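Before we start, here is the structure in question, set down as structure tokens.
Values below: every heavy atom of this structure, side chains too, minus hydrogens, waters and symmetry copies. As the structure is a computational prediction, the values presented were derived from the model and not from experiment.
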Amino acid sequence: MTPGLWKIIGARVLVFVLFVLMSASSYVIEPGTRGIKVTLGKADDVFLPEGFGWKAPMITRIQPVTVKQRTAKLKADCFSSDLQQVVVDLRVLYRIPEKSVVQIYKQFAGDPFDSLVAPRVQEALKEVTAQRTAEQIVKSRESIKQAAIAAAKQKIGTNIFVEDIVIRNIDLSTELEQAIEAKMVAEQEAARARFTQQQTEIEAQTVIIRAKGEAEAIKVRGEALRLNPAFLRLQIVEKWNGKSPLVVPADPANNGAKLLLPLGEAEMTKP
């Protein structure tokens, strides 16, 4: 080879070596992530923020730890207060706060969910369901969820934040589901029967009140006519159609004042 060719090869090798050294000496921490500098197996006590930085090549590595919210699947085999098995399928939303990044990395290998979050959430959920019957667990998901979140936060502490627990499904035995369904149907029918009974009672009371009102009105009207018989004659005169009147005695004995009643058209045409 010519000396010029050796120079070209040497320059390329030098560039490659420099590139490898620069790559080994630098790091980039992505957004939503914090870094732990580990030198010869020892982790620093301070995390690295997101961005670009330098490190000692070959002997130092950067371990990324995400601080973004994550979601993990979880199942919990629980028992109700009436000793019924309940399988809860849920999703746990959690995140690692910045202040706990180094501590979590040092104390828990890999993702802390499996070793810290999952067992605490399962334990909390079992404690909550053990205080309620299977029927209450099915009917009150929201209260179960809130109680489980509160208990899980207390057990886990502030090293990891449990943001939310989403209960996706509650599985019961077939026999228990049928029994709960039958009870709910019976309660609905009983409620419907109570409503029908109340409606009937209200209608009956309305009829009684209306009848009492009408009877009272008739009584008052009769009393008014008895005390003032001229009022009846006044009404007859006001309603008279202007045709020949019919004279009717006030009573069968032909005693008292006469009543004038208007003749109908058919009666006036009789011979």
Side-chain angles (χ1 to χ4, degrees), residues 32-33 65-202:
T33 306
V65 178
T66 180
V67 292
K68 294 184 292 186
Q69 180 174 286
R70 287 180 280 181
T71 304
K73 300 179 181 179
L74 187 64
K75 277 194 174 182
D77 294 327
C78 309
F79 283 91
S80 61
S81 61
D82 50 356
L83 301 180
Q84 298 293 333
Q85 186 175 13
V86 181
V87 180
V88 183
D89 180 18
L90 62 151
R91 299 291 183 269
V92 181
L93 283 67
Y94 70 101
R95 66 180 180 87
I96 301 174
E98 279 190 348
K99 65 182 183 63
S100 303
V101 167
V102 176
Q103 181 181 0
I104 290 297
Y105 176 76
K106 289 182 177 181
Q107 293 184 356
F108 301 95
D111 191 342
F113 179 80
D114 295 331
S115 54
L116 177 61
V117 179
R120 304 297 191 280
V121 172
Q122 289 174 330
E123 182 182 1
L125 196 58
K126 290 178 180 180
E127 291 178 357
V128 173
T129 55
Q131 300 173 1
R132 295 167 172 80
T133 65
E135 183 180 355
Q136 291 173 339
I137 294 173
V138 174
K139 289 183 176 180
S140 56
R141 286 193 179 194
E142 186 62 26
S143 64
I144 296 292
K145 165 186 169 179
Q146 297 300 331
I149 291 176
K153 287 182 177 180
Q154 185 176 5
K155 293 177 182 296
I156 295 173
T158 58
N159 290 334
I160 294 182
F161 292 158
V162 176
E163 303 290 352
D164 197 7
I165 293 177
V166 180
I167 299 178
R168 299 185 69 251
N169 192 32
I170 299 177
D171 292 328
L172 308 174
S173 64
T174 304
E175 295 79 8
L176 182 58
E177 287 182 350
Q178 292 176 351
I180 294 176
E181 183 178 358
K183 182 179 179 180
M184 294 177 65
V185 171
E187 290 178 351
Q188 291 176 356
E189 292 178 350
R192 189 181 300 111
R194 287 194 298 270
F195 175 77
T196 302
Q197 181 180 1
Q198 292 174 356
Q199 189 175 20
T200 303
E201 291 176 354
I202 292 174

To the nearest 0.5 angstrom, please state how far the CD1 atom of Ile160 sits from the CZ atom of Phe108.
6.5 Å

Where Ala148 and Ala124 come nearest, the two heavy atoms and their spacing
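Taking Ala148 first and Ala124 second, the nearest heavy atoms are O-CB, 3.8 Å.
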
How many angstroms lie between atom CZ of Arg141 and atom CG of Asn169, to the nearest 0.5 angstrom?
6.0 Å

Expected output: side-chain Ser140 to main-chain Gln136 donor-acceptor under 3.5 Å:
yes

So the salt bridge (charged side-chain N to carboxylate O under 4.0 Å, His left out) pairs with at least one residue in residues 67-79 (sequence neighbours excluded) are Arg70-Asp111

One thing to verify: whether Asp164 and Lys145 come together as a salt bridge, which I'm taking to mean a side-chain N less than 4.0 angstrom from a carboxylate O.
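Yes, charged N to carboxylate O under 4.0 Å.
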
What is the minimum heavy-atom distance between Pro97 and Thr158, and which atoms define it?
CG-O, 3.7 Å

Tell me, which pairs form a salt bridge (charged side-chain N to carboxylate O under 4.0 Å, His left out) where one or both residues lie in residues 116-134, sequence neighbours left out?
Glu123-Lys155, Glu127-Lys155

Smallest separation among heavy atoms of Ala134 and Asp82, with atom names:
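That closest heavy-atom pairing would be N-OD1, 3.4 Å.
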
Please report the closest heavy-atom contact between Phe113 and Pro119, naming both atoms and the distance.
O-CD, 4.0 Å

For the pair Val67 and Val101, evaluate side-chain contact (heavy atoms from CB on, under 4.5 Å) and give the outcome as yes or no after the intermediate values.
CA-CA 8 Å; Val67 292; Val101 167; 3.8 Å; yes

side-chain contact (heavy atoms from CB on, under 4.5 Å), that's the test. Do Ile167 and Ile144 meet it? Break it down for me.
CA-CA 9 Å; Ile167 299 178; Ile144 296 292; 4.1 Å; yes

Does the Ser80 side chain pair with the main chain of Thr129, one donor and one acceptor, at a distance under 3.5 Å?
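Here the side-chain-to-backbone pair does not exist.
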
Measure the CD-CG distance between Gln69 and Leu93 for me, rounded to the nearest 0.5 Å.
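With rounding to 0.5 Å, CD (Gln69) is 4.5 Å from CG (Leu93).
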
Rounded to the nearest 0.5 Å, what separation is found between the CD atom of Gln107 and the CG atom of Leu116?
9.0 Å

When you look at Ile165 and Leu125, which way does the side-chain contact (heavy atoms from CB on, under 4.5 Å) test go after all the steps?
CA-CA 10 Å; Ile165 293 177; Leu125 196 58; over 6 Å; no

